[in-house]
Colleague: 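Here it is: the structure, laid out below.
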Amino acid sequence: MLMSLWLRLAAFLAKSLLWLLGLGLLGWALASAWWAWQHSGPVSAQEQIPAGETAMTQEVIQTAVRIVDQHRDNTRYLRDAHAKAHGCLKAEVQVLTDLAPDLRQGVFSEAGKTWQATLRLSNGNAYPQFDSMRDARGMALKLLDVPGTQLLKDRQGRGEQDFVMFNHPNFFVSDVAEYRQNVAAQADGKKVLAFFPGWDPRSWQVRHLFIALATLAPAPTSPTQSTYFSVSPYKFGNANAKFRVAPDPDSCPSYTLPAQNQALPNFLRSALNQQLSTDRVPACFVLQIQRQDPRAYMPIEDTSIEWQESDAPFETVARIRIPAQDFDTPALNLQCDNQSFNPWFGLEAHRPIGGINRLRKAVYEAVSDYRHARNAEQ
Ligand code: HEM
């Protein structure tokens, strides 16, 4: 009697397990199909500005200034993001001599042309911390003496073209509305609310939480060994494109960086110093463009979506060479801190597009003005 009861219980449990497994598989298949349906082309090749974006942008500016104030601890006013620099370096950006005619756009119009440039390498965090902490790593590149009308009225005559990147291909939010909600929660110290703003599971941003966790990655051995992505899209002449800067060791003398002491707080700066200043070996990168194919799922208004290389490859348009140099002096470091890089400093041919870039236009300017004004008062 007892035996048959056990057998019936075991059969019941086995059946329930099978049902659960079946339901799980069905759920997974349905979710995958829904994801594929939601994330398939074609997409718009034009910007689509949602209602209320301007008001949301003003709220983000207030939060950003609050973050700058929060992180000021008897120091100068620092950047709201990417506060810690590993160094500002002189660089040369040479357009490929045999660049295909359809890739000759904006600052890449003249094949073989070499631009002088400044390049700032940074950690992403809002306040300086040990390089060994998980973080995004930034690269901001400024081409100098660029002729032509600048996008921003008050930057005419500055002759800049900036490319502002970090070393992850997609962003942890899609648009301005989500950024406003996420950053406000973080500034209030409510990290869970950043990705789970309410009880309604439809508001949960699980995928975006994983992007944020992946973006906060362990440090590279040197800032010269990371690939940096624009993350958000830009005009590229009449096309839309993302760009990236990737290491190109083959274009430089071969070099192996001696092991750095990663317990030191600024070992990424030490790595740059070792290569460029002590060992006098240049570093090389390529600058590459990925043009949008609107037939594929390559949206303009969602920075959480990485444009797949299988949909559109990255094409090299220029080579970047960072010559051997002594960059780590108090005067050059202060100059570096006082520089401003901004995706909107540049030409119409490279106009930033999409919601996150429209937001950056207002926020970078407001935060940069705020910290410069406060530092000037001191
Ligand atoms: C597409 C994604 C983004 C990338 C690749 C990116 C990258 C960077 C980098 C590399 C810097 C440092 C620039 C330097 O070296 O001076 C920076 C600074 C900054 N970022 Fe971003 N960022 C992104 C999105 C955002 C967003 C959405 C906001 C806020 C709306 C933001 C706000 C700022 C601010 C306020 C600064 C400091 C500006 C200054 O004081 O000069 N960023 N960003």
Side-chain angles (χ1 to χ4, degrees), residues 53 56-69 71-72 76-89 91 117-128 135-142 160 162-184 186-187 208 211-212 215 223 226-234 242-245 300-307 333 335-345 352-375:
E53 197 176 88
M56 289 188 276
T57 300
Q58 289 311 312
E59 284 182 46
V60 174
I61 290 177
Q62 284 165 15
T63 312
V65 167
R66 192 148 57 95
I67 293 174
V68 171
D69 280 334
H71 293 130
R72 181 178 170 264
R76 292 164 52 72
Y77 283 80
L78 302 173
R79 288 163 168 77
D80 160 66
H82 297 264
K84 177 176 176 178
H86 312 307
C88 272
L89 309 170
T118 304
L119 192 147
R120 180 176 181 267
L121 294 158
S122 59
N123 282 345
N125 203 49
Y127 55 89
D135 203 351
R137 319 289 157 172
M139 175 189 275
L141 174 67
K142 189 188 288 295
E160 298 159 303
D162 288 7
F163 296 92
V164 185
M165 301 155 269
F166 62 64
N167 65 344
H168 197 73
N170 52 354
F171 202 40
F172 65 96
V173 298
S174 296
D175 53 26
V176 178
E178 199 189 335
Y179 188 86
R180 175 194 58 159
Q181 181 273 319
N182 187 297
V183 150
Q186 290 198 47
H208 294 182
I211 297 174
T215 306
S226 264
T227 298
Y228 301 89
F229 300 85
S230 72
V231 181
S232 53
Y234 293 76
K242 292 190 180 183
F243 55 84
R244 75 176 178 193
V245 166
I300 291 176
E301 297 292 344
D302 186 347
T303 40
S304 77
I305 301 295
E306 177 181 359
W307 291 2
N333 288 332
Q335 199 185 3
C336 178
D337 202 43
N338 284 333
Q339 280 262 16
S340 288
F341 296 85
N342 181 323
W344 287 86
F345 293 172
I353 53 175
I356 288 297
N357 272 337
R358 292 189 295 273
L359 173 69
R360 288 166 91 192
K361 181 180 184 189
V363 176
Y364 280 49
E365 202 175 9
V367 172
S368 178
D369 286 355
Y370 183 72
R371 72 182 165 90
H372 281 113
R374 287 299 155 107
N375 285 333

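Starting from 1, each residue takes its place in the sequence as its number. For ligands, and for the atoms within them, numbers begin at 1 and follow the listed sequence. Not measured: the values here are computed from a predicted model.
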Colleague: With a 4.5 Å limit on heavy-atom distance, are the side chains of I211 and S304 in contact?
Modeller: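 A side-chain contact under 4.5 Å exists here.
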Colleague: May I ask you to list the atoms of ligand 1 that are less than 4.0 angstrom from any heavy atom of M165?
Modeller: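 So the atoms of ligand 1 that pass are 5 (C), 10 (C).
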Colleague: Counting only nitrogen or oxygen atoms and a 3.5 angstrom limit, does S230 reach ligand 1?
Modeller: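 No, S230 has no N/O under 3.5 Å of an N/O on ligand 1.
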Colleague: May I ask you to decide if G124's main-chain N or O and S122's side chain share a donor-acceptor pair within less than 3.5 Å?
Modeller: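 Side chain of S122 to backbone of G124, a donor-acceptor pair under 3.5 Å: no, none is there.
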Colleague: Strictly under 2.8 Å, how many protein N, O or S atoms lie near atom 21 (Fe) of ligand 1? Waters don't count.
Modeller: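 For atom 21 (Fe) of ligand 1, the figure is 1.
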Colleague: Report the nearest protein non-hydrogen atom to atom 35 (C) of ligand 1: residue, atom name, distance rounded to 0.1 Å.
Modeller: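 Checking every protein heavy atom, the shortest distance to atom 35 (C) of ligand 1 gives D80 OD2, 3.4 Å.
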Colleague: Any side-chain to backbone donor/acceptor pair from W344 onto N357? Under 3.5 Å, distance only.
Modeller: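 The answer is yes, because a donor-acceptor pair under 3.5 Å joins these two groups.
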Colleague: Please check this pair: side chain of N375 against backbone of R371, looking for a donor-acceptor N/O pair closer than 3.5 Å.
Modeller: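 Yes, because the side chain of N375 sits within donor-acceptor range (under 3.5 Å) of the backbone of R371.
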Colleague: Please name the pair of heavy atoms, one in A184 and one in T63, separated by the smallest distance, quoted to 0.1 Å.
Modeller: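 That closest heavy-atom pairing would be CA-CG2, 4.0 Å.
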Colleague: Test your reading of the structure: does S122 have an N or O sitting under 3.5 Å from an N or O of ligand 1?
Modeller: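 Between S122 and ligand 1, no N or O pair is found under 3.5 Å apart.
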Colleague: Verify, without hydrogens or angle tests, whether N167 (side chain) and R137 (backbone) share a donor-acceptor contact under 3.5 angstrom.
Modeller: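 Side chain of N167 to backbone of R137: a pair is present.
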Colleague: Quick check on contacts: which atoms of ligand 1 are under 4.0 angstrom from a heavy atom of S232?
Modeller: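 The atoms of ligand 1 under 4.0 Å from a heavy atom of S232 are 1 (C).
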Colleague: Mark up the atoms of ligand 1 that fall under 4.0 Å of a heavy atom belonging to A140, in ascending order.
Modeller: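 Those of ligand 1 that fall under 4.0 Å from A140 are 13 (C), 14 (C), 15 (O).
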Colleague: Mind checking the CZ-CG spacing from F163 to L119? Nearest 0.5 Å is all I need.
Modeller: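 CG of L119 is found 11.5 Å from CZ of F163.
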Colleague: Distance to 0.1 Å, residue and atom name: give those for the protein heavy atom nearest to atom 37 (C) of ligand 1.
Modeller: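 Here the closest protein heavy atom is R79 CB, 3.8 Å.
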Colleague: Whether the side chain of K142 engages the backbone of S340 through a donor-acceptor N/O pair (distance < 3.5 Å, no angle test) should be reported.
Modeller: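 Answer holds: yes.
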Colleague: Is a side-chain N or O of N123 found less than 3.5 angstrom from the main chain of N125, in a donor-acceptor match?
Modeller: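 No, the answer is negative, given that no donor and acceptor are paired below the 3.5 Å cut-off.
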Colleague: List ligand 1 atoms under 4.0 Å from R120, heavy atoms only on the residue side.
Modeller: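 In order of numbering, the contacting atoms are 12 (C), 14 (C), 15 (O), 16 (O).
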Colleague: Find all atoms of ligand 1 within a distance of less than 4.0 Å from any non-hydrogen atom belonging to R371, and give their numbers and elements.
Modeller: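 Near R371, meaning under 4.0 Å from one of its heavy atoms, ligand 1 has 39 (C), 40 (O), 41 (O).
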Colleague: For ligand 1, which atoms, with element, lie under 4.0 Å from some heavy atom of L359?
Modeller: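 Within the 4.0 Å cut-off of L359, ligand 1 contributes 30 (C).
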Colleague: Which atoms of ligand 1 sit under 4.0 Å from any heavy atom of I356?
Modeller: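 In order of numbering, the contacting atoms are 27 (C).
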Colleague: From the options F171, Y370, Y228, Y179, select the one whose nearest heavy atom is closest to atom 28 (C) of ligand 1.
Modeller: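 Answer by nearest heavy atom: Y179.
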Colleague: Listing request: all salt bridge (charged side-chain N to carboxylate O under 4.0 Å, His left out) pairs with a residue in residues 356-370, at least two apart in sequence or in separate chains.
Modeller: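 Listed once each, the pairs are E47-R358, E53-R358, E301-R358.
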Colleague: Hey, is the main chain of F243 close enough, under 3.5 Å, to the side chain of S230 for a donor-acceptor pair?
Modeller: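 Judged by distance alone, yes, a pair lies under 3.5 Å.
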Colleague: Mind checking the OH-CZ spacing from Y179 to F171? Nearest 0.5 Å is all I need.
Modeller: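 So the OH of Y179 and the CZ of F171 are separated by 5.5 Å.
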